[in-house]
Number of protein chains: 4
Amino acid sequence: MSVANSQPRRTRSGSRRDEAARLAVLHAADDLLAEHGFGALTVEAIARRAGVAKQTIYRWWPSKVEILLDTLIEDSGKRLPIPTDKPTAEGIRGYMRAFARFVTRDPAGKVLLALIAEAQHDPATAKLLHERHLGPRREQERDMLARAIDAGAISPGLGADAIDALVGAIVYRALTGSSVPYRLVDALCDDLLGARTG
Amino acid sequence: MSVANSQPRRTRSGSRRDEAARLAVLHAADDLLAEHGFGALTVEAIARRAGVAKQTIYRWWPSKVEILLDTLIEDSGKRLPIPTDKPTAEGIRGYMRAFARFVTRDPAGKVLLALIAEAQHDPATAKLLHERHLGPRREQERDMLARAIDAGAISPGLGADAIDALVGAIVYRALTGSSVPYRLVDALCDDLLGARTG
Amino acid sequence: MSVANSQPRRTRSGSRRDEAARLAVLHAADDLLAEHGFGALTVEAIARRAGVAKQTIYRWWPSKVEILLDTLIEDSGKRLPIPTDKPTAEGIRGYMRAFARFVTRDPAGKVLLALIAEAQHDPATAKLLHERHLGPRREQERDMLARAIDAGAISPGLGADAIDALVGAIVYRALTGSSVPYRLVDALCDDLLGARTG
Amino acid sequence: MSVANSQPRRTRSGSRRDEAARLAVLHAADDLLAEHGFGALTVEAIARRAGVAKQTIYRWWPSKVEILLDTLIEDSGKRLPIPTDKPTAEGIRGYMRAFARFVTRDPAGKVLLALIAEAQHDPATAKLLHERHLGPRREQERDMLARAIDAGAISPGLGADAIDALVGAIVYRALTGSSVPYRLVDALCDDLLGARTG
DNA sequence: AGATAATCGAGACGGTACGTCGGGTCTTTAA
DNA sequence: TTAAAGACCCGACGTACCGTCTCGATTATCT
């Protein structure tokens, strides 16, 4: 071990991935979804809009769903962080409010809705969506809840499943084109979390 | 002559609609959705499977979505009636249980999920789904709730919106491929309806 | 064929083949070959030029080669008939002159050259070209020669193979972009047919 | 794999052309043509087979046609020399026999046929083929004939054009997949050269 | 009893997008 | 400078469905 050894170097010659092309594709997909809906989201249209060859898309993404997934993960990580510090009822309520806003107002929220939808039509999408987004996020959300329960800040009748009920109620409103006012989110939290606070 | 009748009646000679063809199409659509998923649900495949000409489908249904909508309305009317008699907490809980089963087990429930999904991809589908299914049904469900509230059987913090929260929580579980056990439905009802009964 | 058979004829419902589309494709192929060469002769370009859907081409022709073959057979049948009446040396010389003109001047002659070329690149083309054009035509040409020999009008040293030598010499000149003046054709006939006449 | 790789590794002084790569490309092209036909002869396939980068091919050859041309010129120079010594009828007949064998049996003969074919599809190929192969060779062949005529060994009715007729007749047989037996070559020579012998 | 008219299965048609292949150019890393 | 590797834009490939449109045959109703 150690020593000045040269490992069977993976030489990796050749051009590296073009970051500009990668971003152009992600943005084009996002924009097309926002502007013309999922129906207009064809690989051909994305390529056209991004000024990129179709082959470049197929080289890096197995399907257009994975493009959306990439934007979703990047955006939701940035714009909808899961609170990790104070396990209070207010903290959770704040997160749910942010989630409600995300899913109804943020373009990335539309991406989430589109992916949930597409998952109904295609099992492969369902698998991907769970593995790369829904699963990990649910994990963290349940953690958040569990810590709040431990701290005695809340005592939901559903236990950690309360998070699904909250998220589900909000997502369903979004899916059916209804608004999700704070009043409604707060009432949901009150009912489902058994919170001490008002 | 004259008189009696006033309308410039278009008498309509010729063959009337072929009921066998109509049913064949509905069943083919249902079967294809159940067996191979929404992705395989093309007009061409339906026609092939139903042993029917494409034109016959286009003559009677503006789109494949309306075929699904027809089967959904027919099936949900039969297999998931909204209780109209006794506005009790048990009645509502029973309905929600039935709904949970419908949406996770009944083929027609899959149709509902598929339509909710397709509505995200296509505004026209969204409009149709609301006008012909979601709207009317929500109306009746809210009635059911309102009567129960009036009768003092329940007192939900969300008011009539509680129905959306219940339905949403259940639908979301179904959309994400989770099961919806009775235990969960009951806990939801307890939390969201403020029911007197245990 | 023959035999007055009366089978319950294949009813053949549905629209029949669109003759206008068929002609549009044949002409588009011809024109593209003449104007921009074989390299520009893509199925997509033919479809574009003919104002026809690609699928319509693939429905009726297994490959673009068969399109060319169709035009070649039709045109060569019309514009380069094989003399069937008088088996004289002059008759044969006249045919070879016409052939030389066909292969150097007539657009359909270019089609023949292109097909001979493509046959070098693709065995399937070679097979088709022989079966549908070269074979039958060679057959008739050899007949023509045989009858002239029988009639004592010519006495070629090569026998019926003389036709290949004549055709080959002319085709090769065309393939290499050389002209084929009558003088040359006549000299070839003189040498290869052993004709009595000057 | 053909490439002889016994030579000392990489002549790293300055950066001259890599002879091994050059040969690898030529052999790969030859082999692919022989094994899978012109259709499989893509630059990408040649590069793959030769273990060479595409860019290396494009650096040294403007097109795949020039690769073939290089092999053809090299091989035909070696294996099908034009007799320069004795301008006799036998000499010419011998050459034509060798030519017939070359064009029907020798892999390099297939290259010639492929290039003649490709020349029909692409004017640039036609130009190259004439300038670098057909032209010079025809020049020498005509010389050969002229000297034989001067020597009184032959007296063709076509004059020096007789060479085109001979070559054309043979090439056409090869192009159409027919065999070219010596008997046929000899008869052609007899008829077209007006030879004293035979 | 026709004549009329709407239905049906069949399938051709002009299109759009699919996912793949090869073309020829350019960039990166190594020798 | 040359080479291997390979990403890139481009355009054609052959296929699947789309929604529209005839076609010929089959009912059912209305003179």
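Each chain gets a letter, A, B and so on, in the order the sequences are listed, and its residues count up from 1. Atoms considered below: every heavy atom in the structure, side chains included; atoms not considered: hydrogens, waters and symmetry mates.
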- Among E:dC13, F:dA4, E:dC8, the one nearest C:Thr56 by side-chain distance: E:dC13
- Query: With sequence neighbours excluded, what pairs up with B:Glu74 under the side-chain contact (heavy atoms from CB on, under 4.5 Å) test?
  - Reply: B:Arg22, B:Lys78
- Message: With a cut-off of less than 4.0 Å, is there a side-chain N or O of C:Arg16 near OP1 or OP2 of E:dA12?
- Response: no
- Under 4.0 angstrom, heavy atoms only, what part of the nucleic acid is D:Trp60 near: base, sugar-phosphate, or nothing? sugar-phosphate
- Is there a salt bridge (charged side-chain N to carboxylate O under 4.0 Å, His left out) between A:Lys110 and A:Asp30 once you walk through the steps? CA-CA 9 Å; A:Lys110 303 291 180 196; A:Asp30 246 3; over 6 Å; no
- Measure from NZ or CZ of B:Arg16 to the centre of the six-membered ring of B:Trp60, then state whether that distance is under 6.0 Å and the direction lies within 45° of the axis. no
- Message: From CD1 of A:Ile57 over to C1' of F:dG11, roughly how many Å is that when rounded to an integer?
- Response: 15 Å
- Query: Once each nucleotide of nucleotides 21-27 of chain E is scored for protein heavy atoms under 4.0 Å, what B/S/- sequence comes out, 5' to 3'?
  - Reply: BBBBBBB
- Message: Enumerate the side chain to side chain donor-acceptor pair (under 3.5 Å) contacts for residues 32-48 of chain A, please, sequence neighbours excluded, ordered by first and then second residue.
- Response: A:Glu35-A:Arg49, A:Glu44-A:Lys54
- Gap between atoms CZ and C1', on C:Phe38 and F:dA12 respectively (whole Å): 14 Å
- E:dT7 OP1/OP2 closer than 4.0 Å to side-chain N/O of B:Arg17: no
- Which residues satisfy the ring pair (Phe, Tyr, Trp, His ring centres under 6.0 Å) test with A:His133, sequence neighbours excluded? none
- Item | Results of side-chain contact (heavy atoms from CB on, under 4.5 Å) for A:Ala108 - residues two or more places apart only | A:Asp75, A:Arg79, A:Phe102, A:Asp106
- Query: Testing A:Leu115, A:Asp122, A:Val65 for side-chain contact (heavy atoms from CB on, under 4.5 Å) with A:Leu129, which one passes?
  - Reply: A:Leu115
- Parallel, tilted or perpendicular: which describes the rings of A:His121 and B:Phe38, with under 30° parallel and over 60° perpendicular? parallel
- Message: Distance check needed: F:dG19 C1' versus B:Glu66 CD, whole Å only.
- Response: 15 Å
- Task: Go through residues 18-37 of chain C and report each residue with a non-hydrogen atom lying under 4.0 Å from DNA chain F, sorted by number.
- Result: none
